[in-house]
Amino acid sequence: MIKITFPDGAVREYQEGITSMEVAKSISEGLAKRIIAASVNGEVWDASRPIYNDSTLKLLSWNDAEGKSTFWHSTAHLMAEAVESLFPGVKFWVGPPVENGFYYDMDLGGRHISEEDLRKLEVKMAELAKQNNVYTRKEISKADAVKYFTEKGDEYKLDLLQGLKDGEITFYTQGNFTDLCRGPHIPNTGFIKAVKLTNIAGAYWKGDEKNKQLTRLYGVSFPSQKELDEYLALLEEAKKRDHRKLGKELGIFTMDDDVGPGLPLWMPNGTIIIEELERLAKETEQAAGYHRVVTPHIAKESMYITSGHLPYYQDSMYPPIELEGVKYYLKAMNCPHHHKIYAAEPRSYRDLPLRLAEYGTCYRYEQSGELFGLMRVRCLHMNDAHIYCNKEQFASEFKAVNEMYIKYFKIFGIDKYVMRLSLHEPSKLGQKYINEPELWLETEQMVRRVLKETGTPFVEVPDEGAFYGPKIDVQIWSTIGREFTLATNQVDFAQGRRFKLEFTNKENHPETPLIIHRAPLGTHERFIGFLLEHYAGKFPTWLAPLQVKILPISDKFLPYAQTLLESLKKADIRVAVDDRNEKIGKKIRDTETAKVPYMLVVGEKEVNENKVAVRRQGKGDLGTKDVEEFINEIKKEIKNRES
RNA sequence: GCCGUUGUAGCUCAGUGGUAGAGCACUUCCUUGGUAAGGAAGAGGUCGUGAGUUCAAUUCUCAUCAACGGCUCCA
């Protein structure tokens, strides 16, 4: 007999070799029907795999994250089976579960797959699923595994096998499809009741663009049609929040073929948001001891040679403009310009920390396939600043920058983000990263310490550093699930020396300052793109392009509306009158969909009493108020940047 | 940059080898209406761009540009 410990601490005895499925059945048949895998001693196993030792056991259903990934992983195998049956001779690479579904990479041998084929595959998958084929696990020797895939002619699987040790190789078979796979899998294909193949994409083999591009099929599956329908409805909802759609609807920005890809034009409404953000940044930075500077949009090639950017980033810069034999580049970053301001005067330790801030305009020639609405553009306005300090000041300066993030995030109610400590990859020193192995380790340790001291939760990610040092990135996700760095806080131990920046220390010796690059509000483009989705277009009053709309019941009350308009304008409130010949219901509807925070309905009653009937977007009628009272309240709301 | 898909009115989308249609938005008129769509009329498109096939192309083919979904990249 063996002892099985359950998550609630209960311990039960079972026959040696019992499977998780049998354990589930011993509890209840209903439970057993929902079990698709099991976590045995923290490792996810097939529900049909026998347990021989005392173990902790967590039965996994669709509702567990591990259950879902197992379910999707198994669906990937099912899809592969369907592909093989419809398109014989296809070679497979890997087919893992992902956040929302699964994919499988395959070499179609020059064949093309169309949307129509996806529908055919779905039908085939449904047919195969109904056969309730069992996913069978089989341990196999490396020699036999190699033999199997050699006969099948699948060089990709053979490549995978190369990295595996004999004795740890398993095959899984369901129906007519056998795959090299460590598992685990759901009990049988019958659990898969609804499948949607979502898209066809190219994906480089092993993620390397020098390698051959395989075809990747994405899909998602569910234990019931209802759940698939709900998922699709959720996707539809997410699309409504898409900043590209909202940005157009709300007149925030536009793109034009003649201007060029990735070069957004900010419309009046978007410009108001930009100005409010800059106002916030200026107030905050002034209070934190920053000095504002302004620098040109271009610079000579020599400066980027000095900075060291050219070898690393030339590909991402617009090609140079050549004048009288001198090459000029559009700036892709503000740091070198700021360094030159630092270098313009002799600096003493008494001047440090020196903090130079600029909402700098940068141009980056992003790859055409990477452009994405406002989130990834070729012209960007960065909430940039560079802090020059000595080693003793570094920790407190770095900490202050992190605190500034948090302060901003509170204002915007941003709580879904991940702080990422981005480190270097030692094997890429001298290529992607400046070749200073010791300085890398030292500064990385310094940053890690600050994060720990401040109790900031973070994840460490190798190979994401800047070429000149480690950084803290704030990662966010767009409404359609793409990940972006919203804000960044970087250490730079390289450029100070490259630019021969110095200060005279207390001992009267020249010393090179450390540099912190920081952009807590990221760029206007990405930040506003993010805010559009974050607020679903319903900006808080302080950011809303139009804050108040006056809605007269009929044009008899237009004169009163005009008087109101003037009073509100005098109070610096962004306001307009709906003077269209429409009924009040229509005016309200249009203003609601335009997401204007406040509506002031005025008719006979309000005119007689010098009042306004206040309606809040999304909340409805708030009742009537004195004009003065309303103005004071909204002014307070705006001043406090209430969300 | 690579793989795949798409491109028709301001927006959302039908449609056709014989130079185009709906709803919303817009303009005008009627209506002066109290908290999410009042009625009528009208205007608006070289069907992304270029070339080819054809008597004839928005429709078929090719190229190109752009957007979208991924991959790679992301200071």
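When reading the values below, keep in mind they use all heavy atoms of this one structure, side chains included, and skip hydrogens, waters and symmetry mates. No experiment lies behind these values; they were computed from the predicted model shown. Letters A, B, ... are given to chains in the order of the sequence lines, protein chains preceding strands, and every chain is numbered from 1.
B:rU49 and B:rG7 are spaced 11 Å apart, taking the C1' atom of each and rounding to whole Å. Distance noted for atom P between B:rG18 and B:rU59: 11 Å (whole Å).
Between A:Tyr104 atom OH and B:rC3 atom C1' there is a gap of 19 Å when expressed in whole angstrom units. Note: CG (A:Leu235) to P (B:rG70) measures 11 Å, nearest angstrom. Put simply, CG on A:Asn211 is 15 Å from P on B:rC3, counting in whole angstrom units.
At a cut-off of 3.5 angstrom, counting only N and O atoms as typed in the model, there is no donor on one side facing an acceptor on the other between the side-chain of A:Tyr365 and the base of B:rG1. No donor-acceptor contact under 3.5 Å links the side chain of A:Gln367 to the base of B:rC73.
Only A:Val601, A:Gly603, A:Glu604, A:Lys605, A:Glu606, A:Ala613, A:Arg615, listed by number, bring a heavy atom of residues 600-615 of chain A to less than 4.0 angstrom from any atom of RNA chain B. Near RNA chain B, defined here as any heavy-atom distance below 4.0 Å, the residues from residues 483-495 of chain A are A:Gln490, listed numerically. Using a 4.0 Å cutoff on non-hydrogen atoms, no part of residues 512-530 of chain A comes near RNA chain B.
When heavy atoms are screened at a 4.0 angstrom cut-off, A:Lys239 is found touching no nucleic acid atom at all. Contacts of A:Phe372 with the nucleic acid, taken as non-hydrogen atoms under 4.0 Å apart, involve only primed sugar atoms and P, OP1 or OP2.
Open room surrounds CD on A:Glu99; 12 or fewer heavy atoms of other groups in view lie less than 6.0 Å from it.
For the residue pair A:Asn489/A:Asn402, the side-chain donor-acceptor check at 3.5 Å is satisfied.
Looking at residues two or more places apart in sequence or on another chain, you find no side chain to side chain donor-acceptor pair (under 3.5 Å) involving A:Glu236. Residues satisfying the side chain to side chain contact (heavy atoms under 4.5 Å, CB included) criterion with A:Asp590, sequence neighbours excluded, are A:Arg580, A:Lys586. Not a single side chain to side chain donor-acceptor pair (under 3.5 Å) links A:Lys120 to another residue, sequence neighbours left out. Listed by chain and number, the residues in a salt bridge (Lys or Arg N to Asp or Glu O under 4.0 Å) with A:Arg376 are A:Glu366, A:Glu370 (sequence neighbours excluded). Residues that satisfy the side chain to side chain donor-acceptor pair (under 3.5 Å) test with A:Lys157, not counting sequence neighbours, are A:Tyr104, A:Asp179. A search for salt bridge (Lys or Arg N to Asp or Glu O under 4.0 Å) contacts involving A:Glu609 returns nothing, not counting sequence neighbours.
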For nucleotides 37-43 of chain B, tabulate all protein N/O to nucleotide N/O atom pairs closer than 3.5 Å, reporting atom names and distance.
{"unit_1": "B:rA37", "atom_1": "N7", "unit_2": "A:Arg589", "atom_2": "NE", "d": "3.4"}
{"unit_1": "B:rA37", "atom_1": "N7", "unit_2": "A:Arg589", "atom_2": "NH1", "d": "3.2"}
{"unit_1": "B:rA37", "atom_1": "N6", "unit_2": "A:Arg589", "atom_2": "NH2", "d": "2.5"}
{"unit_1": "B:rA37", "atom_1": "N1", "unit_2": "A:Arg589", "atom_2": "NH2", "d": "3.3"}

N/O-N/O pairs, protein side and nucleotides 44-49 of chain B side, under 3.5 Å:
none

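Using a 4.0 Å cut-off between a side-chain N of Lys or Arg and a carboxylate O of Asp or Glu, A:Lys556 and A:Glu604 do not qualify as a salt bridge. Ion pairing between a basic and an acidic side chain is recognised when a charged N comes within 4.0 Å of a carboxylate O; A:Glu633 and A:Arg616 show no such pairing. Comment: A:Lys471 engages A:Asp473 in a salt bridge, judged by a side-chain N to carboxylate O separation of less than 4.0 angstrom.
Remark on RNA chain B: of its neighbouring residues A:Met255 and A:Ile588, the 5'-side contact belongs to A:Ile588, judged by nearest-heavy-atom nucleotide. Heavy-atom nearest nucleotides on RNA chain B were determined for A:Glu249 and for A:Gly465, and the one closer to the 5' end corresponds to A:Glu249.
Applying the 4.0 Å criterion to OP1 and OP2 of B:rG1, one finds that A:Ser368 has a side-chain N or O inside that range. Regarding contacts with the backbone of B:rC71, a side-chain N or O of A:Tyr218 is found under 4.0 angstrom from either OP1 or OP2. Here A:Arg216 does not reach the OP1 or OP2 of B:rC3: none of its side-chain N or O atoms lies under 4.0 Å away.
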Between A:Glu249 and A:Arg241, does a salt bridge (Lys or Arg N to Asp or Glu O under 4.0 Å) hold up when you go through it step by step? CA-CA 11 Å; A:Glu249 284 170 5; A:Arg241 288 177 87 106; over 6 Å; no
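For A:Tyr156 and A:Phe92, the ring centers sit 6.0 Å or farther from each other.
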Output field dot_bracket for RNA chain B (Watson-Crick or G-U, both distances under 3.5 Å, | for other-strand pairs) contains (((((((..((((....[..)))).(((((.......))))).....(((((..]....))))))))))))....
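Under the side-chain hydrogen bond (donor to acceptor under 3.5 Å, both in side chains) rule, A:His381 has a single partner from A:His524, A:Arg526, A:Glu525, which is A:Glu525.
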